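Ligands are counted one by one from 1 in listed order, and the atoms in each one are counted from 1 as well. Just so you know, these numbers come straight off a predicted model, no measurement behind them.
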Amino acid sequence: MAYRLHAAGKTINPDSCFLRFPDRPNSRIIALPAHIAGPIHKSGIKWISSFPDNNASNLARASAVLILNDGATGYPIACIEASLISATRTAASAALAAERLSPDPFEGTIAVIGTGMIARASLQWLLFRGWHFSSVDVFDVDRHGSEQFSNWLSSTYALKATIHDRMDDAVVDSSLILFTTTTLEPYVNDEGLFDHHPTVLHLSLRDICPNVILASQNIVDDVDHCLKARTSVHLAEIETGHRDFVAGTLVDVLENRCELAHDKARIFSPFGLGVLDLAVGDLVLEAARSCGDAVAFPDFFSNSARW
Ligand SMILES: NC(=O)c1ccc[n+]([C@@H]2O[C@H](COP(=O)([O-])OP(=O)(O)OC[C@H]3O[C@@H](n4cnc5c(N)ncnc54)[C@H](O)[C@@H]3O)[C@@H](O)[C@H]2O)c1
């Protein structure tokens, strides 16, 4: 629903604001303000940190809060832990894209490149949606990360993963490829790697080099958002000077306005829209209220009466 409201112009989703640190170039905190009209009718902002060095001390890379604002008064009405909301909306949107972009959805082989939290959430969603994988091939620059992912997969789903020492070996036979790394510079430059025309969920946005992007069919969540911040599709735009290589958005695919290519890889690059966090955050708030888990602070706005 959030994607459709966004496509129908019933959302406001300004550019994300990146706080970067010159002495820690791999880290950042991003603010994603958004408004969503229609039945949700809320505004809000997700404030999400990415500190990849946390992983070394077994602390999750991403941490986040979501502030929800009432659509009528503008008052903040909730402050919610949002790293799970963020991971869930990312994984759910990836699963939706996988279903709609794959010629034979719900079956095949999967490669997971970068085996962290988002990879885990995405696998959970794919399996929840009913996918059956005849093989799971994984690669992570940190082999220990692959081993932890593989142990989780086998203990939770009785699925066996094959751990590879090279990314190429993991993707070569996979019909569905998930990129969930933290790389900042693209490194997938061999167009031949996608000769078998896989569906590629490029969630980490900066793994695939412009030549491979240009040789593939590209679907994004929002064209203006995704072609920014030196994502792979942004680099392809800088290189070519145009955006003609973007075939459409996920909503175009959902509404059959975009014909899928079967003679090349189909790459889904979602920038990750703040309106998705609002929509999922709103569900979480309603669920917390109805089961009594929401904690109220009745006097938080003690000076709200104007006179
Ligand atoms: N598009 C979206 O909407 C969206 C939303 C949330 C997160 N993300 C992105 O997903 C990515 C993964 O997030 P996470 O929370 O799982 O991070 P994480 O730190 O838990 O896991 C990332 C893993 O990638 C591995 N890695 C780094 N570079 C690699 C490379 N070149 N090849 C293989 N493995 C590599 C790391 O060792 C680590 O295990 C991040 O880039 C994040 O920004 C995207």
**Request:** Could you walk me through whether Tyr3 and Ser93 pass side chain to side chain donor-acceptor pair (under 3.5 Å), step by step?
**Result:** CA-CA 9 Å; Tyr3 275 135; Ser93 112; 3.1 Å; yes

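A donor atom on one side chain and an acceptor atom on the other are not found under 3.5 Å apart for Asn69 and Ser43. Residues Tyr187 and Asp207 have side chains that bring a donor and an acceptor to within less than 3.5 angstrom of each other. Counted by atom type alone, Thr183 and Glu185 present zero donor-acceptor pairs between their side chains at under 3.5 Å. Between the side chains of Asn13 and His6, no donor N or O sits under 3.5 Å from an acceptor N or O.
In summary, the atoms of ligand 1 found under 4.0 Å from a heavy atom of Thr180, numbered by their order in the structure, are 12 (C), 22 (C), 23 (C), 24 (O). For ligand 1 and Tyr187, the ligand atoms under 4.0 Å from any heavy atom of the residue are 31 (N), 32 (N). Listed by number with element, the atoms of ligand 1 under 4.0 angstrom from any heavy atom of Phe139 are 32 (N), 33 (C). Listed by atom number, the atoms of ligand 1 under 4.0 Å from Gly272 heavy atoms are 3 (O).
To the nearest 0.5 Å, the span separating CG on Leu101 from CG on Leu96 amounts to 8.5 Å. Rounding to the nearest 0.5 Å gives a distance of 7.0 Å between CD1 of Ile48 and CD1 of Ile30. Put simply, CZ on Phe194 and OG1 on Thr199 are 10.5 Å apart, with the number rounded to the nearest 0.5 Å. Atom CG of Leu201 is separated from atom CG of Leu126 by 7.0 Å, given to the nearest 0.5 angstrom. We find the CZ-CD1 distance between Arg230 and Ile238 to be 5.5 Å, quoted to the nearest 0.5 Å.
The single protein non-hydrogen atom nearest to atom 13 (O) of ligand 1 is Arg61 NH2, 3.2 Å, given as residue, atom name and distance. Looking at atom 20 (O) of ligand 1, its nearest protein heavy atom turns out to be Met117 N, 3.1 Å. Looking only at heavy atoms of the protein, atom 21 (O) of ligand 1 is closest to Gly116 CA, 3.3 Å. Nearest to atom 10 (O) of ligand 1 among the protein's heavy atoms is Ile118 CG1, 3.9 Å. With hydrogens left out, the protein atom closest to atom 11 (C) of ligand 1 is Thr181 O, 3.0 Å, a heavy atom. In terms of protein heavy-atom proximity, atom 30 (C) of ligand 1 is closest to Val141 CG1, 3.6 Å.
Between Asn55 and ligand 1, at least one pair of N/O atoms sits closer than 3.5 Å. For ligand 1, the polar-atom distance check finds no N/O of Ser86 at less than 3.5 Å from any of the ligand's N/O atoms. Checked against a 3.5 angstrom limit, the closest N/O atoms of Leu205 and ligand 1 fall outside it. Residue-to-ligand polar distances place Leu203 within reach of ligand 1: an N/O pair is separated by less than 3.5 Å.
Here the closest heavy-atom approach between residue Pro14 and residue Pro33 is recorded as CD-O, 3.3 Å. Contact detail for Thr115 and Phe139: the closest heavy-atom pair is CG2-O, 4.3 Å.
Proximity of Gly145 to ligand 1 is not established, as no heavy-atom distance is less than 4.0 Å. Contact between Arg28 and ligand 1 is present, with at least one heavy atom of the residue lying under 4.0 Å from the ligand. Heavy atoms of Pro270 come nearer than 4.0 angstrom to ligand 1 in at least one pair.
Ring centroids of Phe300 and Tyr75 are separated by 6.0 Å or more, keeping the two rings apart.
Contact annotation: for Arg89 versus ligand 1, heavy atoms closer than 4.0 Å belong to the side chain alone. Residue Thr90 touches ligand 1 through its side chain alone, judged by heavy-atom distances below 4.0 Å. Contact annotation for Phe271 and ligand 1: only backbone heavy atoms (N, CA, C, O) come within less than 4.0 Å of the ligand.
The heavy atom nearest to atom 39 (O) of ligand 1, out of those in Thr115, Asp140, Leu184, is found in Asp140.
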